[in-house]
Amino acid sequence: QALRESERKYRTLFEDSRDAIFIADKNGHLTDVNASFLKLFGYEKEEIKKLRAIDTYVNRADCKMYVKTIEEQGFIDYFEVKLKKKDGTVMTCLLNGTPFKGSDGSIQGYQGIVAPNGGEALVYAESHSEPIDLLFTDVVLPGMNGRELAKHLLAAQPNLRVVFMSGYNQDELLRKEISSHAVAYVA
């Protein structure tokens, strides 16, 4: 009875979450996603069974980096990637993830949450119970930009380490009022 109640609570939390949540096996096949994931990406539940996580990435190397970071660090927070919806629309998203472990402790797959913009990342961060060690963010995000996101998070966590990245060159960042002298960034 207690096991059934625990499963019901987990399933309700998973399905009713407004965050887009996914679980993928070790080979990258999506084994479960919630309704928010389906809505965000435009898929039907049946279609997910044939989808691999890497197929949603614009740059497949980003998927490999996501997995590598989880395997090496045991987690990943605010990993910014460009993901594709079913219709091909590209979204800049922030991923958080952890390994999904079997009873023997070995990694069986990966589970994560997708934040489609800086504002949602801030909401997630503020509701996160553990301190965040590293914010790895693009300078340019939909809605709230990366500098604004970092400013809000640093106010609550002054020891937070921040790395900015951008596909823009230094001149373009200066035009966007991002001084290269004020921040270190990866272009």
Side-chain angles (χ1 to χ4, degrees), residues 9-24 33-37 39-41 53 56-59 62-63 65-83 90-101 107 109-168 170 172-187:
K9 286 180 183 177
Y10 160 78
R11 182 56 49 191
T12 299
L13 177 66
F14 180 82
E15 289 299 335
D16 293 348
S17 175
R18 294 184 58 192
D19 294 319
I21 302 172
F22 65 91
I23 299 173
V33 299
N34 68 354
S36 293
F37 183 98
K39 182 179 178 184
L40 179 64
F41 284 88
T56 65
Y57 284 74
V58 171
N59 180 355
D62 288 342
C63 183
M65 178 62 80
Y66 174 83
V67 169
K68 182 180 180 200
T69 302
I70 290 174
E71 288 177 350
E72 290 176 356
Q73 296 181 6
F75 68 94
I76 193 166
D77 280 331
Y78 305 107
F79 181 67
E80 182 173 331
V81 295
K82 294 200 181 309
L83 300 176
V90 174
M91 306 176 288
T92 300
C93 297
L94 302 169
L95 299 179
N96 298 292
T98 57
F100 183 73
K101 295 186 177 182
I107 295 177
Y110 308 92
Q111 52 199 3
I113 297 174
V114 179
N117 57 54
E120 295 226 9
L122 180 61
V123 169
Y124 177 79
E126 289 174 342
S127 67
H128 199 266
S129 59
E130 298 292 321
I132 296 166
D133 297 311
L134 173 68
L135 171 64
F136 187 77
T137 183
D138 199 322
V139 175
V140 181
L141 295 172
M144 177 185 296
N145 70 40
R147 288 204 39 163
E148 293 168 334
L149 174 62
K151 180 180 174 184
H152 285 287
L153 294 177
L154 283 165
Q157 295 184 46
N159 295 327
L160 174 68
R161 290 170 292 171
V162 179
V163 176
F164 292 99
M165 67 172 188
S166 181
Y168 293 101
Q170 187 173 359
E172 290 170 311
L173 289 174
L174 289 171
R175 282 194 296 275
K176 292 183 177 299
E177 299 179 10
I178 307 294
S179 168
S180 62
H181 302 291
V183 296
Y185 68 94
V186 179

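- At least one side-chain heavy atom of L95 sits under 4.5 Å from a side-chain heavy atom of L83.
- Closest approach of L40 to M91, counting heavy atoms only: CD1-SD, 3.7 Å.
- Between G74 and P99, the shortest heavy-atom contact is O-CD, 3.2 Å.
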### Task
Could you give me the CA-CA distance, side-chain angles and deciding distance for Y66 and V81, then say whether side-chain contact (heavy atoms from CB on, under 4.5 Å) is met?
CA-CA 9 Å; Y66 174 83; V81 295; over 6 Å; no
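- With sequence neighbours excluded, the residues forming a side-chain contact (heavy atoms from CB on, under 4.5 Å) with E71 are K26, V67, I107, Y110, listed by chain and number.
- With values rounded to the nearest 0.5 angstrom, I23 atom CD1 is found 11.5 Å from F37 atom CZ.
- Of the inter-residue distances, the one linking N159 atom CG with Q157 atom CD reads 8.5 Å to the nearest 0.5 angstrom.
- Interatomic distance, N96 CG to F79 CZ, rounded to the nearest 0.5 Å: 11.5 Å.
- Scored by the side-chain contact (heavy atoms from CB on, under 4.5 Å) test, K82 finds V58, V90, T92 as partners (sequence neighbours excluded).
- Between T56 and F41 there is a side-chain heavy-atom pair separated by less than 4.5 Å.
- In this structure, E80 and L94 approach most closely via the heavy-atom pair CB-CD2, 3.6 Å.
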